[in-house]
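See below for the structure under consideration.
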Amino acid sequence: MTVRIDEATANAALTAVAPELGTAVTDFMRLAYTGSTVDVVTRELVRIYSGQQTRCRFCSNTRVRGAVERGMDETVVAKVEDFEHSDLPERQRAALRLARSFLLDPAAFGPDDLTALAVHFGPDQIAELVLDLIRLRPGSKLHIATGMDEDVAERILL
Amino acid sequence: MTPALEGLLGARPDYAAGLARIEVALREQQALDPVLLDLCRDRIRSLLGAPGPGLPDRPLRADERACLDLAEQIYVDATGVSDELVAATEAAIGHDGFVVLSYACGLFETTARAELLVEGSAP
């Protein structure tokens with residue numbers, strides 16, 4: 001089943017109890033896609049990977065229309081979980097390696113890893129990916145902890 | 001946030017400014033005592049192996065213990081937050097405090113992860 005929703009429910013919950021904080025979080029999400037320098041499919045694969053690692057159904061099941069329109073179909077998404085052994089483009093695998101290090105063992109991300117990442121991404125793009133990783137998991141965890149993740153549709157199209 | 005992380009994120013200034021505004025809003029919100037937020041931030045940093053003071057060297061108050069119980073569970077696995085844990089947390093800090101803390105714990109974690117990642121990758 002595919003459904004559409006008009007707002008991120010976790011942000012709505014936050015806004016209801018701490019309006020200025022909720023507004024700041026909503027603005028952060030808007031700024032994430034203002035002047036973006038990383039292609040939307042790569043960012044979406046990172047977002048879905050983060051959702052999978054956090055065990056957030058909402059994040060794992062959500063698809064952003066712009067990425068779908070650029071070819072991110074379910075065949076592509078299925079490669080995220082074992083991306084290292086997939087035929088995803090090296091650029092996308094590099095972004096997913098960053099996400100894996102960030103979410104599993106950030107201290108192990110060394111200078112050589114950064115050099116390898118910089119082959120595919122400029123400083124502004126690396127900043128964008130790291131900011132995405134900072135941004136994504138808190139919303140996922142709020143969604144889960146407040147029980148909003150229990151009745152999530154199989155597919156959510158934003 | 002460490003200067004090294006600020007430096008890296010500064011390459012995307014508008015987006016980074018959005019994060020800075022969240023940190024200010026978190027500090028200024030009225031739903032939960034910032035002292036309790038700091039306690040949970042320190043605990044999460046400690047669990048990640050990031051620099052910080054860790055837990056205070058004194059007996060913890062009931063509200064502090066309740067917040068730490070939630071923070072630790074959210075850090076380890078948010079899907080393990082039970083109805084009982086939610087009820088205990090809300091009894092200590094209220095529903096609004098629970099919601100703010102649930103979000104804040106994730107932010108403390110990812111910010112600390114970013115700091116560790118940037119520090120480790122410095123030449």
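Values below: all heavy atoms of this structure, side chains included; hydrogens, waters and symmetry mates excluded. All chains are named by letter (A, B, ...) in the order of the sequence lines, taking the proteins before the strands, and each is independently numbered beginning at 1.
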Cluster check A:Phe28, A:Phe58: I/L/V/M/F/W/Y, side chain < 4.5 angstrom: no
Cluster link A:Met29 to B:Leu107, ILVMFWY, side chain under 4.5 Å: no
Contact leader toward chain B among A:Gly22, A:Ser101, A:Gly35, where contacts are heavy-atom pairs under 4.5 Å: A:Gly35
Per-residue contact mode, B:Val86 against chain A (heavy atom under 4.5 angstrom): side chain
Atom CD of A:Glu81 with >12 non-hydrogen neighbours under 6.0 angstrom: no
Closest heavy-atom pair and its distance - A:Leu142, B:Val99: CD1-O, 3.6 Å
Side chain, backbone, both or neither of A:Ala32 within contact of chain B (heavy atoms, under 4.5 Å): both
Shortest non-hydrogen separation from A:Ala24 to B:Arg21 and the atoms involved: CB-O, 4.0 Å
Pairwise side-chain contact, A:Thr146 with B:Phe98, heavy-atom cut-off 4.5 Å (strictly under): yes
Cluster link B:Leu47 to B:Leu60, ILVMFWY, side chain under 4.5 Å: no
CD (A:Glu20) with more than 12 external heavy atoms under 6.0 Å: no
Name of the residue among A:Asp132, A:Val130, A:Ile134 meeting side-chain contact (heavy atoms from CB on, under 4.5 Å) with B:Thr110: A:Ile134
Any side-chain heavy-atom pair of B:Leu19 and A:Arg135 under 4.5 Å: no
Which atoms of A:Leu129 approach chain B - backbone, side chain, both or neither, heavy atom under 4.5 Å: neither
Nearest atoms (heavy-atom pairs only) where B:Tyr15 meets A:Glu128: CE2-O, 3.7 Å
Linked, directly or transitively: A:Met72 and A:Val40 (ILVMFWY side chains, under 4.5 Å): yes
Lys/Arg-Asp/Glu bridge criterion (N-O < 4.0 Å) met for B:Asp77, A:Arg55: yes
Under 4.5 Å from a heavy atom of chain B, the part of A:Ser36 involved: both
OH-NZ distance between B:Tyr75 and A:Lys141, expressed to the nearest 0.5 angstrom: 7.5 Å
Path from B:Leu55 to B:Val35 over hydrophobic side-chain contacts below 4.5 Å: no
Chain A contact via B:Gln29 - which portion, at a heavy-atom distance below 4.5 Å: side chain
Chain A contact via B:Ala31 - which portion, at a heavy-atom distance below 4.5 Å: side chain
A:Leu21 side, atom CG; B:Glu28 side, atom CD - distance, nearest 0.5 Å: 10.5 Å
Selection from B:Val81, B:Ile22, B:Asp14, B:Val24 maximising heavy-atom pairs under 4.5 Å formed with chain A: B:Ile22
Nearest atoms (heavy-atom pairs only) where A:Ala145 meets B:Ile74: CB-CD1, 4.1 Å
CZ-CZ distance between A:Phe109 and B:Arg113, expressed to the nearest 0.5 angstrom: 14.0 Å
Among A:Pro111, A:Gly110, A:Ala108, A:Ala127, residue most engaged with chain B (heavy-atom pairs, under 4.5 Å): A:Pro111
Heavy-atom side-chain proximity of A:Leu98 to B:Leu117 below 4.5 angstrom: yes
Residue, of B:Ala11, B:Ser121, B:Gly18, B:Gly106, that accumulates the most heavy atom pairs under 4.5 Å with chain A: B:Ser121
B:Glu23, CD: over 12 other non-hydrogen atoms inside 6.0 angstrom: yes
Nearest non-hydrogen partners of A:Pro138 and B:Tyr103, listed with the distance: CB-CE1, 3.6 Å
Heavy atoms of other groups near B:Glu119 CD, more than 12 under 6.0 Å: no
Side chain proximity check, A:Arg137 to B:Glu109, heavy atoms < 4.5 angstrom: yes
Heavy-atom contact with chain A under 4.5 Å, split by part of B:Ala104: neither
Residue part contacting chain B, namely of A:Leu133, when any heavy atom lies under 4.5 Å: backbone
